[in-house]
Structure formats: structure tokens, C-alpha cells
Amino acid sequence: MYLYALDDEVNRLETELAALAGAARVNTLVNVAWHLRQRDSQRALSLVDEADGLLRNSPLMPDQRRGVRARLALIRAEVAALFREFDNAEEFLQSARTGFIAARDPVGEGDAALTESVIALEQGQLERAIAAAQNGSSNFGRVGDHMRQTLARGWAIYLTAFTDSLAASELLAELITLNLEPRHPAVAALISAAQGEILFSPELTRSAVMYHDASKSAEQAGLLRLAIVAASNAGVCLQKLGDFEEAAACYDWAVSCSRKTGWPALIGYSMMRLGELLRHLGQLEQSQIVLQEALERMSDNKIGIHKAIAQAELANTLLLRGDAIQAARYFESAIVLYREAGSRNNLAEHLICYARALSTAGQPDAALKAIEEARQLIDELSFDALGVDINEAMAEIYGRHTSFSPADMTAPNIVLHYLERALNFGNTVPGWLAPSKLLLSLGEAWSNAGDGQRAFAYAKQAIAADQRERTKQAANWATLMQVRHETERARADALHHQQLAATLIETSQTLDLLSKIGQEITADLNLENVCHGLHRHLSALLDASDLSIWLLDADGISLNLYHRVENGEVISLQLTTPDRSTRNAARCITEGQELLMEMGFSNSSSDVSNADRMRIALYGPLIVGDHILGVIAIQSPNQAAYGERQRLIFRSLCAYGAIALDNAHTHHNLQKTQKQLEQALLELEDASLTDPLTGLKNRRFLTQNIEADVALSIRSYQAPSTTDDPIPKDTDLLMFLVDLDHFKQVNDKYGHAAGDAILVQIRQRLQQVFRDSDYLIRWGGEEFLIVARGTSRDRAEELAERVRTIVADVPFQLEGDLFIRQTCSIGFACFPFVTAYPRAIDWQDVIDIADIALYSVKHSGRNGWVGLLAEEHAWPELLLCTLKADAQAAILNNELRMTTNKVTEAVVHALRAKQPGE
């Protein structure tokens, strides 16, 4: 069992699992659940439960069974931790360890150590997480499991990078040396994540790329937690670099992915980062909404840096929105958490923010107290850069609240005193450059003090600083692009070298490029795209600004110019005329080989002006197997443009182009055939649902389609009424069974052809009564079923009478001028049958009730209709049993109401004579 499997392996296991049953499923169930523990935690737990149940009947030996139960407990432990059920997680972890020890499974013990690392991370216990990963590495080393040992070392190094980047760098260099490219995605993810954290402060651009690569690799290996954290950290780097669009993309993916997992801490963390970005982009209201939701997700965290940061970020947003009192409360909560977690750098930074909020809220004394605590931390920890923030905050506080003047103040006012101190302090910090915001504040303050000369000087410096900052941002973007390019190139080079070693083929960089171009071109099944791709690559590799492509017709004789480019521009084929180039292309096909032709000079006005520059042309046949598709030609004004190397490149691209064009042609024909097949299947499906004689639908059609109408009708009756009338209108299904009277006599007297003619004409008459949306079904022989959809049951009698009339009153035409009269009998019922209980009697039973009604018409004189309707107070199950056994009793008991155009006593007598099941 792998520690981390790729998607292909998981899919293979899923397929294998689907074919297994009973106790034979256990091992594969455990395997799939193990690899789904982060991919789909809830399903993993479901599979664990199933495996646990099947273990009772499993043929596994006791030690094996203990090992399986330990693995199931380990899955439960990790999932519980991700959902922040830490008591359960610790209990399951201990159970798993006990089981692995009893089963003498050191690999399982190592896996348990890595699971402990996840549990510790979720609880903010970084030191425990590192120690657990190192313990796992030792376990794997003892049994010689190199891959697992590498992964455990990768985890330990990645986690160490957060506390000791120098030590992590040394350990990482050794790990990279032992694991050259290409690496398993899980190893690659951990190496990239560690590099991302190590480079976070010194090289943000490389850190961003490393974290992005880590996220992608982790996702491939099913390490969703690492993938989400790495994507969020990549977003932080990009945000600091000013690339807000890419940062937003990282955060958006992280939020979307974490929501799918349902893990509260990860959802909160990714949303916190997104909320911070929204504030930087000025979307304060949306920032507040997102940050508040992030905090709600973290509500069960008693401690934790992430929760503290989320509170501080929300406080910053609230402060910008003018809610200083609430902002101060959130800063205060964050500071408590920072103190508990021992995060002194975050504590110092947010004490200053807290002071600003207190000052804005009208609490200057409390603000100065917070500033003093921050100052002590800065002095103690040598956080020199924060000294600028301290003085800026003091300027803001004293500018808002009148106070004493410091003894060493030489500036005109106290605000200028602290702003100048901020600038002077910053100038003592190595590498510090005054930001435009501080310089603008100084310019404005000197202007307010009446010193226009100094104000102007600072304004000029602010403009220069702003330009410098913009230039730096552009440089950051350029560096980021360069790093991405270098990283991709390094990855491509590594893969290229691996291919060389595997195949022992020495080839040039050009041939490798041609292979990639060939893969691109032959993968495209669009003819136009193939032509444009050929020109793009030919013009990039050769002197080929002019290109022509001819294709043979299906007859294999006619040669047509399909695509033409002159001087880099696609030329409309309507503007071209056959010329010598077309004749040369025909010669190329005839000879079946490449042609290198020197171009003649012509001053004819019919020549395209661009042709006067051309000196040489290269023609290549497009051949697949022994089949010629057409010709490509390129032209150049340089007489020596097409040497042996250039012709090799051209020849290779002609071969790829031929394959691509053949693929496109085959794909086009396949699509055409597929469409024809789909149309034939549709026609066959329609035929299977249609009666061949009458063109009406059949029983199979009704079975496939009526359930949706039934569900709609039921919902209408179950929905609460919004009008004074509690009975829904136009939501019933009216079911009419129509049977032609004495039809056998027609067949016996006039022949079956005459009977068929009447059946065909019945369809036309029914279509005059019912709508196109109603179902007209040939139920069997001379019997028809009509389902009037979305119709009020109040119209049932009217529709039944119209059917009776249109059949009885108009003669049916047989052969020639022969006409005969025909009558019909109609029985109907409505769905829902009992409106108070719409689900109680299904639609098939309603048809059976209509059949009982039809029976009563047939046995009471025919040429009429009878409808059987339930009374509102009827009890459905009892009514249905009574009706099928003795319909007359149901009427006499006032549970069933009969409506008819016949003599009531005759119909009731017919019902009395009907035997059950008849």
C-alpha cells in the first residue's frame, strides 16, 4: 500500500473495487479509503465502515485482521483531525498504534507517526509535528522503505523551515541530491513547499513559484491539505509582489478546494487570505464578510496563529470602514492569542495596529500603553523595521489627541516631530527606502505648518519614491516571469535528459523541439488550426514568411489551394489565381518527393507584388503511408535559406502535417458517421416507442415518460395552498381508455385492411380532441389509452363526450366510396385518485380503475362513457381493495362517485355482475 497514490492508481483501485463483493472487497476497500482520506474524507469514512463490517466474515488471519483494523483506525484519526475532532483523532491514533505493534507492522507504525504529524499541525503543535515526522523517517529507515523514508524526511524538512530556515536548507540540499528529477509528485510537493518557505523572506518571486509548484504536485498525490496551504502561501507571495490578479486566482482555488473538503480550519485559513486581499483592493465590505466567515470557521480553535491573524485582518478592515471600537476588540483578541502562542513578531506588529484603533476610538492613554509594550518588544527582539511604524503611529495618535511636547522636539509641532523621527529611524535601517506614503505625510504636515519649501521638497521625494516603487513592482513581475520560465525550462530539460538516457538516442535540441511541435500539431483535429500551427512553427524555425498548402480532392486528381500566407498575413483565396507555384505543387505530387526550386523574376502586373522578393521555394509532399494528401510550399528571398538542416526541419514538419491533416480528415468523417449513427439510433428509439400502424405511442413510451408528470402532479397537491380554493387547477392526469365497439365484426365482415383503416382514422379523430402535449397510446388491438396532462378533472366528462361523439357521428371511410359507422366505449379515472392522499394510489392502479369503468360501459349498452372518481373523504387503500373486488359496494358506501352518460342503474348493474379480476 502506497503512502500517497496518484489519481490513476486510485481510479484503478476504484474499478477493481466495483467488481468485488463480500469479504473479498476488504483489502481493496481499505486501499481506496486510505487514498481518499484527503481526496474525499466523507467517502473514505463510509468505506471504512463497510470494511469494518466485512472484517467479521473475512478469511484473514488474526494478525492480518489486527493490521487492517489498525489501518482503518488510522484513516479515522486523520479525518477526525481534519474536521477538528481532536479527542477522537488522538484516540483513533492510539488504537492504530496498538494494532500495528500487535500485528508487528513497522511500516504501519511509521504511517501512524506521519498521521500524528497531521494531527499536531491541525492543533498548532509544530514541534510535535516535526518530531513525529522524524520518528516516521526512523521507522521507515529500519525496514528499508526508501520512498516512505524520503517522504517522512520531506515532511520534517518542510515543517522545520518554519522555525529554522538555515537548518532546513542544509537538510533539503541533501534530500534533493538523493532524489533527482523526475520525482514522485508527493516528494516534489514537499521539496517545493520547503523551498517556498525557505525563500519566503529573501526571494519572494522564487517562493511564489515554489509554492505554486508544491500545490500542483500535492494535488496530484492526494495531499489536499498541503495543496490548499501551498496555494494560499503562493497567493501571499504574489500579493506582496503586487500581482493581485494571480494572487486572487490562488486564493480562489484554495477557497473552492477547501470548501469541497469541508475542513473548517482550511476553509477559514484560505478565506482569511482572500479577505486580506479584498481589503488591499479596496473592497472593504466584501472583505469584512469573508473575514467574518473565516473566523466562524475557526470558532472552535482555542489557540492558534491562524485565528489570531484572521482576527487582526478583520480588525484592519473594520478600522478602514470606520468601526474603530470593534476593530480594537478584535485586535485585543488577536493579541491574547499571539501571547499564548508565543508569536512575538506578530504581537509587536499588531500592538501598533491596536494602538491606532484605540486612538481612533478615543482612547489615547490605552493607545500609548500599547505603543510602549510594542516598543519594548522591538528593542528586545531588534525588529528595527517596526521602529518606523511606531513613530508613524505616534504621529497619528498625537495628531488626533492634544498632548505635551517632547523635550527633544525641534519641529513646529508634535506630528512633524514623530514623522521626522520615523524617517530618520528608517534611514538607519540597512536597505530601507522611504515609502511614498510617509513622504507624502511629511509634505502635507510641513504644508500645514506653513513651510511650503519643505513641503515641496518632500512632495518631489514622494513622487520619486512612487516611481521607484512602481519600477520595483514591475521588476518583481519581470523577475517572477523569469523565475517561472527558468523553472519550467529546468523541468523540461530534466524530462528531456531522462528520455535521452532511457532510449540511448543522441539528438539535438532542434529535434526535441520538432517532436514537441509534432505532438502539438497532430493533437489538433481542426484543419484550420493545423494549417496555422504549421505556418507558426515553420516561420519560427525557418525563413518562411510565405507559405502555401494545397490539398487533393477525394478523386485524387484535382489539386486545390487551401491555405496561403504572404509576408506573415493570411491571404483570401478568392484573391489568388493559379500560377507557376500550383504547377510546381502538382509536379511535387507527381514525383512524390521534395522539390527545391529557384524562382524566376517577373514584372507582369498579374504577379503578386510580394513574389518579386522571392528567390527560392521549397515544396514537400504530404504523405501518410502510401497516400498523398497534398503539398506544402515555403518561400524565401534568401537564396541560401534552405540548407540541409533547414530541409530536415521542413521534411519533419511535412510528415507531422500530413499526419495531422489525415487525423483531421478522419475525425471529420468519424463525426459525420457518428452523427448519422446518432440519427439512426434516435429513429430506432422513436420506432421502439411508436405503434407502426397508427403512429401513436406505445406502452413503453408511457412507462418511460409518465413518472415526471406523476411527480409534478403530486407536488402540486402537496404544496401549501395560497388561494381560497384548496384544490389545484390544471394539475391532474386524466386517463381515458377507449375501446371500439364490436370491432371484431368489422374485421370479419370487411377484412383486416378495413379494420386497420379505421384504427388509422381513430388517431386523426383523437388528435382533434386532445392536445399535442397529451399522450395518445395504442394500448392493444382496438383499445387506446389517452393521458390528458396538466388538465383539471372537471373537464373529464366533456372530453369523454367529445371522443364518443367524434367516433360515433362521422362515418369511417374504407376502400373507395364505402363508409361505415363505428361507436366506442370510454372509461376514465383521474390521477391523483384520492386528492388528499396523492401518493397512495399509483398511476397503474388508476388505469386499472379506468378499465373497470370501461367494463361497465361495455356491459351496459356500449357507445357511452363512465368515469369513476374517489370521494374526498375516501380512505385510499381500503377504497382500492373494495373497488377492485366490488365496485358497486364502493359506490353504495359513498367512497366512490360514478359519472356517466348512460342509464345509471344499467351501469351499476354491470358493475354488480363484474367478477374480481375480470
Side-chain angles (χ1 to χ4, degrees), residues 1-6 9-10 30-31 34-35 37-38 67 70-71 73-75 77-78 81 93 96-97 99-101 103-121 125-198 210 213-214 217-227 229-230 494 498:
M1 181 184 294
Y2 299 121
L3 187 58
Y4 307 113
L6 305 187
E9 172 64 12
V10 178
V30 176
N31 238 326
W34 175 249
H35 295 307
R37 62 195 189 278
Q38 288 195 20
R71 181 67 58 179
L74 202 58
I75 298 169
E78 185 165 337
L93 176 63
R97 277 189 165 141
F100 286 131
I101 292 170
R104 295 182 291 279
D105 183 355
V107 171
E109 292 180 56
D111 290 351
L114 289 186
T115 301
E116 180 187 0
S117 190
V118 174
I119 295 172
L121 271 180
Q125 301 166 351
L126 187 57
E127 291 183 4
R128 179 190 174 193
I130 295 172
Q134 292 170 339
N135 182 34
S137 177
S138 299
N139 276 313
F140 298 138
R142 284 197 297 272
V143 295
D145 192 328
H146 175 70
M147 174 57 75
R148 271 180 160 82
Q149 185 180 23
T150 299
L151 289 165
R153 290 181 64 188
W155 272 114
I157 294 168
Y158 165 59
L159 298 175
T160 301
F162 287 91
T163 57
D164 190 343
S165 59
L166 183 60
S169 296
E170 295 173 357
L171 293 169
L172 185 62
E174 181 183 352
L175 187 67
I176 291 173
T177 302
L178 295 173
N179 292 272
L180 300 176
E181 295 277 9
R183 305 183 181 103
H184 187 284
V187 176
L190 291 166
I191 289 176
S192 296
Q195 289 173 322
E197 185 58 33
I198 292 168
M210 291 300 103
D213 288 350
S217 298
E219 186 183 12
Q220 290 178 2
L223 287 162
L224 267 296
R225 185 189 187 282
L226 179 59
V229 172
Q498 183 196 27

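Small disclaimer: the values here were computed from a predicted structure and weren't measured. Side chains included, hydrogens not; waters and symmetry mates left out as well; all remaining heavy atoms used.
Here CG of L3 is found 8.5 Å from NE2 of H35. Values are rounded to the nearest 0.5 Å. Distance check: L159 CG to D164 CG gives 13.0 Å after rounding to the nearest 0.5 Å. Between the CD atom in E109 and the CG atom in D105 there is a gap of 7.5 Å [rounded to 0.5 Å]. Taken from OG in S169 to CD1 in I198, the straight-line distance is 3.5 Å, to the nearest 0.5 Å. One finds the CG atom of L190 at 6.5 Å from the CG atom of L223 (value rounded to the nearest 0.5 Å). Rounded to the nearest 0.5 angstrom, E127 CD and T160 OG1 are separated by 10.5 Å.
Side-chain atoms of V10 and N31, non-hydrogen and from C-beta on, never get closer than 4.5 Å to each other. The side-chain heavy atoms of T150 and L178, taken from C-beta on, include no pair separated by under 4.5 Å.
E174 meets the side-chain hydrogen bond (donor to acceptor under 3.5 Å, both in side chains) test with no other residue; sequence neighbours excluded. Remark: N135 pairs with no residue by the side-chain hydrogen bond (donor to acceptor under 3.5 Å, both in side chains) rule, at least two apart or across chains. Considering only residues two or more places apart in sequence or on other chains, L171 meets the side chain to side chain contact (heavy atoms under 4.5 Å, CB included) condition with I157. Scored by the side-chain hydrogen bond (donor to acceptor under 3.5 Å, both in side chains) test, E78 finds R37, Q38 as partners (sequence neighbours excluded). Applying the salt bridge (Lys or Arg N to Asp or Glu O under 4.0 Å) rule to D145 yields the partners R148; only residues at least two apart in sequence or on another chain are considered. The side chain to side chain contact (heavy atoms under 4.5 Å, CB included) check on Q220 picks up P185, with sequence neighbours excluded. The side chain to side chain contact (heavy atoms under 4.5 Å, CB included) check on I176 picks up L172, R183, I191, Q195, with sequence neighbours excluded.
Nearest heavy-atom pair across R153 and S137 is CG-OG, 3.2 Å. When all heavy atoms of A133 and A152 are compared, the pair lying nearest together is O-CB, 3.7 Å. Looking at every heavy atom in both residues, A221 comes nearest to Y4 through O-CB, 3.6 Å. Nearest heavy-atom pair, P106 versus V143, reported as atom, atom and distance to 0.1 Å: CG-CG1, 3.2 Å.
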Tabulate below the donor-acceptor pairs under 3.5 Å that side-chain atoms of residues 112-120 make, not counting sequence neighbours, or state none.
unit_1 : atom_1 : unit_2 : atom_2 : d
T115   : OG1    : D111   : O      : 3.0
E116   : OE1    : R97    : NH1    : 3.3
E116   : OE1    : R97    : NH2    : 2.5
E116   : OE2    : R128   : NE     : 2.9
E116   : OE2    : R128   : NH2    : 3.4
S117   : OG     : A129   : O      : 2.9

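The list of ring-ring contact (aromatic ring centres under 6.0 Å, His included) pairs with a residue in residues 159-180, not counting sequence neighbours, reads Y158-F162. The stretch residues 125-156 participates, sequence neighbours left out, in no ring-ring contact (aromatic ring centres under 6.0 Å, His included) pair at all.
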